[in-house]
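We number each residue from 1, following the sequence as shown. Scope of the values below: all heavy atoms of this structure, side chains included, with no hydrogens, waters or symmetry mates. As the structure is a computational prediction, the values presented were derived from the model and not from experiment.
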Amino acid sequence: MRRRKHFGTPADKATYATLHTASLASPHLREGLTPAAAGKASRHLRDLLGTAAIAICDSSGVLAWDGVGGPYESNHRRDAKDLAALTLRSGRTAVLGAHDVACGDPQCPIRTAVVAPIVIEERVVAVLVAYSNNTSAALVRATEEVARWVSGQVELAELNKERTRAMEAELRALRAQISPHFIYNALAAIASFVRTDPERARELLLEFADFSRYALRRGGEFTTLADELRNVERYLVLEQARFGDRLKVSLQIAPEVLPVVIPFLVVQPLVENAVRHGLEGTTGVGHITIRARDQINEAEISVEDDGAGSEPEVIRAALSGGSGSDSVGLGNVDARLRQVYGDTYGLVVETAVEAGTKVTFRIPKYSSGVHASP
């Protein structure tokens, strides 16, 4: 019973409270240093410091204020930008006394301030101002540490933005690479049915329209595996119209992985490569197998063909984005998977000359910041 009533030492409790408060501020700061995000995080930052008030300022003015209100707030909030100016320029912490901070009202709890820089890539982007009725060395150190922690969170937000921009650029490049090759062949296949089988031509045009709408859509960078496979099916319908009985497709899909969120357009380019390398330039039948397996915490997806295969050097060039490679988007897909999930989640390619090709990748079922777009 005594053990159950013991919840840790006072130091343990203080550590937990600090970490919990930091965790409450972190999601807002990960949105970037905007007025809305700074405003939501400021209350938790003031709780971390235990001061009468705090302000977050950048060169444009006060992004957020939290603390004493009423008649005390208006004067101090108005002056916060001026107090921040020196630290914004120099990048050094400033400790300000009553002469610089106090408003003259003896009832006001704000008498001093500590101004610490918020730095991203060695550039001061904002400052954290901690207001109190007196200043101590402990408060100065605490304000600097909290400002340093805020800097880290905001820098992660910037990295996430850079990652998103990089993924958008990669996706635009992939669309530009796939579209000319596929559109020409698809339209040529549809045209071949216009006179001999108008109804088939109409159905193929609808499939082509749905495929294009999906592949060229604007919006988020993620989708579900179910939606990606549905678009792969449209692609294969159009290719089977072109190749006829020469193209045989087998799908082995575990229902459990269909809701898994994956980067947009990562399966279709692999299937397109399988069709090109498995059938183009040959006269025989090509077999393509698409698998999606449930691996507890991950989904494993593979695309395999029994075509001509390739030399390892050619695959290495394709994965590195070499201009001499004829593999549609292979390096692009590999790069985007690594950007989102880390280097352990890139493409694994098994191939040899005259032995076909198998491309496999894994997707975590749950990953922070990865959500399907409507």
Side-chain angles (χ1 to χ4, degrees), residues 18 21-22 24-69 72-105 108-163 165:
T18 300
T21 303
L24 295 176
S26 180
H28 305 304
L29 294 172
R30 292 288 186 89
E31 297 173 12
L33 206 56
T34 64
K40 293 174 183 176
S42 59
R43 177 171 64 87
H44 305 300
L45 298 179
R46 185 168 71 88
D47 287 343
L48 281 174
L49 292 169
T51 54
I54 70 160
I56 299 175
C57 308
D58 65 6
S59 58
S60 66
V62 180
L63 295 174
W65 171 280
D66 188 81
V68 295
Y72 306 126
E73 178 181 343
S74 58
N75 291 333
H76 292 295
R77 186 183 180 111
R78 183 190 62 221
D79 296 338
K81 182 180 178 180
D82 294 334
L83 299 182
L86 178 60
T87 299
L88 282 169
R89 290 195 302 270
S90 69
R92 295 191 295 270
T93 299
V95 180
L96 306 176
H99 176 75
D100 300 302
V101 180
C103 61
D105 188 332
C108 180
I110 293 177
R111 315 296 295 175
T112 63
V114 179
V115 188
I118 297 172
V119 181
I120 298 178
E121 295 181 350
E122 301 181 356
R123 179 171 52 92
V124 180
V125 297
V127 299
L128 174 65
V129 187
Y131 295 93
S132 183
N133 61 355
N134 61 75
T135 301
S136 65
L139 178 60
V140 174
R141 289 197 300 271
T143 304
E144 288 179 327
E145 288 301 323
V146 170
R148 191 174 293 115
W149 178 78
V150 170
S151 299
Q153 298 301 305
V154 175
E155 192 158 16
L156 286 173
E158 291 297 316
L159 288 174
N160 285 336
K161 290 178 182 177
E162 288 294 331
R163 186 188 74 172
R165 285 193 286 267

Exercise. For residues 112-144, pull every pair meeting ring pair (Phe, Tyr, Trp, His ring centres under 6.0 Å), keeping only residues two or more places apart or in separate chains.
Key: Trp65-Tyr131
So which atom in [X] and which in [Y] form the shortest heavy-atom distance, rounded to 0.1 Å?
| X | Y | result |
| --- | --- | --- |
| Cys57 | Leu88 | O-CD2, 4.4 Å |
| Ala38 | Leu63 | CB-CB, 4.1 Å |
| Thr135 | Leu96 | OG1-O, 4.4 Å |
| Val62 | Arg77 | CG2-O, 3.5 Å |
| Val101 | His76 | O-CE1, 3.1 Å |

With sequence neighbours left out, write down each residue that passes side chain to side chain donor-acceptor pair (under 3.5 Å) with [X], or none if nothing qualifies.
| X | value |
| --- | --- |
| Arg43 | none |
| Ser151 | none |
| Arg141 | none |
| Asp47 | none |

Quiz item: When you look at Thr143 and Leu49, which way does the side chain to side chain contact (heavy atoms under 4.5 Å, CB included) test go after all the steps?
Solution: CA-CA 7 Å; Thr143 304; Leu49 292 169; 4.0 Å; yes
Quiz item: So, do Ser132 and Ile110 sit near enough that their side-chain heavy atoms are less than 4.5 Å apart?
Solution: no
Self-check item: Euclidean distance, Lys81 NZ relative to Asp58 CG, rounded to 0.5 Å
Solution: 8.5 Å
Quiz item: For Thr87, which of Val129, Val127, Leu128 qualifies under side-chain contact (heavy atoms from CB on, under 4.5 Å)?
Solution: Val127
Quiz prompt | Criterion side chain to side chain contact (heavy atoms under 4.5 Å, CB included) on Val114 and Thr51, from CA distance to verdict | solution = CA-CA 10 Å; Val114 179; Thr51 54; over 6 Å; no
Quiz item: Listed by chain and number, what are the salt bridge (charged side-chain N to carboxylate O under 4.0 Å, His left out) partners of Glu144, not counting sequence neighbours?
Solution: none
